[in-house]
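Structure first, commentary second.
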Amino acid sequence: MFQVQPNMTLLQIIELNPQSEEVFRQYETELGSCFLCNHLFDPLENIAQMYQLDIKQIF
Amino acid sequence: MSRTVDARGLTCPQPVILTKRVMDEKSGEEIVTLVDNPTSLENVCKLAKSQGYSFTVEESGAEHHIHMVKDATQVNLPEATSSDITILVKSQFLGGGNDELGAVLMKGFLYTLTESAFNLSHLIFINGGVHLSTEGSPVLEHLQNLEQKGVQVLSCGTCLDFYSLKDKLQVGQVTNMYTIVETLCNAGKTLMF
């Protein structure tokens, strides 16, 4: 079963689980920032810290 | 011969994902990705760099054509004969039986690597192995030596977190399981200790 690790990049997460793209798009809409454009190669934990998101909620 | 990825009209991350899929096929052909916005251009170029491709960008009106070729040292080399070696280090001790001896053996092993002419490309530390790339490790000098010679030194982030060593990394970069699997699968030869 696929398990997201906090140190995976957005690209890696979406490659392993294409459905996660929709989750990130929802966050983009809520925060008004394009994660998938600007942070595709950043680890999820870094993005969560940057935007003060609850990483467990993202999972 | 080249493979074309038409990513025009697509938004991130699709241009990157489609390009990566073609890269993963490892056909050795040139890849040309067509994009029509600057963000996709930037991200595809980042992907190329991260996957060891050299690239040039050709502008055609509002479009960008990104021509990517695998690093020259690997072009036309069948995977089976690639001499790149990746070493996966699972423990700070080499062998089992006595940890004191294991520490001495590991130090000797890494020193010998620095003096050898083998084509080592990656050194990956997981589980207890991350003690070797972090503060207090007796082999930091050897690892820094290897890194200066072009070896990519990677330490598993989950493992660093587990041992509370994340802010004590002294050499190389933090990595994750996806990158570890990708690196091992792409390696010419893999050794595991």
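Note on naming: letters A, B, ... go to the chains in the order of the sequence lines (proteins, then strands), and numbering restarts at 1 for each one.
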Side chain from CB out, backbone as N, CA, C, O: work out which of these in B:T179 comes under 4.5 Å of a heavy atom of chain A, or both, or neither. both

Where the side chain of B:E58 meets the backbone of B:I66, is there a donor-acceptor pair that is under 3.5 Å apart? no

Side chain of A:T29, backbone of A:R25: donor and acceptor closer than 3.5 Å? yes

Using a 4.5 angstrom heavy-atom cutoff, name the option from B:I17, B:T158, B:T11 with the most pairs to chain A. B:T158

Contacting moiety of A:L11, where chain B heavy atoms sit under 4.5 Å: side chain

Checking side-chain polar atoms at under 3.5 Å, does B:S40 have a donor or acceptor matched by the opposite partner on B:N37? yes

For A:F35 and A:H39, take the angle between the two ring planes, folded into 0 to 90°, and tell me which bin it lands in: parallel under 30, tilted 30 to 60, perpendicular over 60. perpendicular

